[in-house]
Amino acid sequence: MKRLTREELPIDTETLARFLIGKIVVRETPDGVISGRIVETEAYIIGDAASHTFKGMTPRTRPMFLERGHAYVYLNYGVSWMLNVSSEVEGIGAGVLIRALEPLEGIPLMQASRGTEKLRDLARGPGRLTQALQIGPWADGLDLCVEGPLWLAHDDHEPADIGVGIRIGITKDADRPLRFYLRGSPFLSGTRALNV
């Protein structure tokens, strides 16, 4: 497993969302390493009415305007933290939501954080995965391409078949095919009908 460099990340939100399928999110904690393979993403592209950057930069959305490869972590509906990766050049606001992971390392730590032993439910959905990896507001703005407590990695795994569909749980620009997922993965969020 090797750390992804910024140079390896495509400078285009939709392309990055597809590229990240099969890559790995690594979380280093005092209790050990937790990691999961990305099996589902959503792109929030330039000019996207569903994106937090649609109306411009705010203190909250500043990390989305950093160069590609930085974390944007926000609280969704006051309940769950969401992990996004900035996706364009510095000054352009866009990002990729990490929607689901296949657990790889630190599964007992994930189970303790999530309060369940069900492997399938540990990181299936954006709120579950941040809880499983112990990701919160402290990670907002982190560079995911350097050494630290949270980073992106790759190995020799190549995803077999990447599906494309509409994004989940939004109302603006809801019909755009900007969700990418590993077909056949049991760790996807949403219904089976959305993941064919």
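Below, each value reflects all heavy atoms present in this structure, side chains not excepted, and no hydrogens, waters or symmetry copies.
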Check [X] against [Y] and note the closest heavy-atom contact, atom names and distance.
X: Ala174; Y: Ile170; result: CB-O, 3.6 Å
X: Leu182; Y: Ala160; result: CD1-N, 3.9 Å
X: Thr41; Y: Ala17; result: OG1-O, 2.8 Å
X: Val73; Y: Gly136; result: CG1-O, 3.5 Å
X: Ala153; Y: Val26; result: CB-CG2, 4.0 Å
X: Ala139; Y: Ala71; result: O-CB, 3.4 Å

Between [X] and [Y], is there a donor-acceptor pair closer than 3.5 Å when you use the side chain of the first and the backbone of the second?
X: Arg68; Y: Val89; value: no
X: Arg3; Y: Trp151; value: no
X: Arg114; Y: Leu122; value: yes
X: Arg124; Y: Phe187; value: no
X: Glu42; Y: Ile168; value: yes
X: Ser80; Y: Gly127; value: no
X: Thr58; Y: Thr61; value: yes
X: Ser86; Y: Phe65; value: no
X: His70; Y: Glu67; value: yes
X: Arg27; Y: Ile34; value: no

Would a 4.5 Å heavy-atom cut-off, applied to side chains only, mark [X] and [Y] as touching?
X: Ser51; Y: Met64; value: yes
X: Val39; Y: Arg99; value: no
X: Ser189; Y: Glu40; value: yes
X: Leu97; Y: Met82; value: yes
X: Val96; Y: Asn84; value: no
X: Ile135; Y: Leu150; value: yes
X: Leu9; Y: Leu4; value: yes
X: Arg179; Y: Val164; value: no

Among the clusters formed by ILVMFWY side chains lying less than 4.5 Å apart, do [X] and [Y] turn up in the same one?
X: Leu142; Y: Val85; answer: yes
X: Tyr181; Y: Phe19; answer: yes
X: Leu178; Y: Ile46; answer: no

**Request:** Apply the side-chain hydrogen bond (donor to acceptor under 3.5 Å, both in side chains) test between Asp155 and each candidate in Lys23, Arg37, Lys2; give the one that qualifies.
**Result:** Arg37
Which value, rounded to the nearest 0.5 Å, describes the distance between [X] atom [atom1] and [Y] atom [atom2]?
X: Leu101; Y: Leu188; atom1: CG; atom2: CG; answer: 11.0 Å
X: Ile11; Y: Arg6; atom1: CD1; atom2: CZ; answer: 10.5 Å
X: Leu152; Y: Ile24; atom1: CG; atom2: CD1; answer: 10.0 Å
X: Phe180; Y: Ile38; atom1: CZ; atom2: CD1; answer: 13.5 Å
X: Met110; Y: Leu129; atom1: CE; atom2: CG; answer: 8.5 Å
X: Leu83; Y: Ile98; atom1: CG; atom2: CD1; answer: 5.5 Å

Among side-chain atoms of [X] and [Y], is any donor-acceptor pair under 3.5 angstrom?
X: Trp81; Y: Gln131; result: no
X: Ser113; Y: Gln134; result: yes
X: Thr15; Y: Asp12; result: yes

**Asked** So is Arg167 actually on top of Tyr44's ring, under 6.0 Å and inside 45° of the axis?
**Response** yes
**Request:** Take atom CD of Glu8 as the centre, draw a 6.0 Å sphere, and report whether it contains more than 12 heavy atoms from other residues, nucleotides or ligands.
**Result:** yes
**Item:** Ile107 vs Leu119, side chain to side chain contact (heavy atoms under 4.5 Å, CB included): CA-CA, chis, key distance, verdict
**Value:** CA-CA 8 Å; Ile107 290 172; Leu119 188 66; 3.7 Å; yes
**Fill in**
Going by chain and number, the hydrophobic cluster around Val146 (ILVMFWY, side chain to side chain under 4.5 Å) further includes none
**Fill in**
For His52, the ring-ring contact (aromatic ring centres under 6.0 Å, His included) test, sequence neighbours excluded, returns Tyr72, Tyr74
**Item:** By ring-ring contact (aromatic ring centres under 6.0 Å, His included) - contacts of Phe54 (at least two apart)
**Value:** none
**Item:** side chain to side chain contact (heavy atoms under 4.5 Å, CB included) between Ile166 and Arg176, worked out
**Value:** CA-CA 6 Å; Ile166 60 170; Arg176 290 183 168 190; over 6 Å; no
**Request:** For side chain to side chain contact (heavy atoms under 4.5 Å, CB included), just list the numbers for Asp140 and Arg60, CA-CA rounded to whole Å, side-chain angles, deciding distance to a tenth of an Å, and then say yes or no.
**Result:** CA-CA 9 Å; Asp140 192 39; Arg60 176 192 185 197; over 6 Å; no
**Asked** Between Thr13 and Glu88, is a side chain to side chain contact (heavy atoms under 4.5 Å, CB included) present by the stated rule, with each step listed?
**Response** CA-CA 6 Å; Thr13 306; Glu88 298 285 339; 2.7 Å; yes
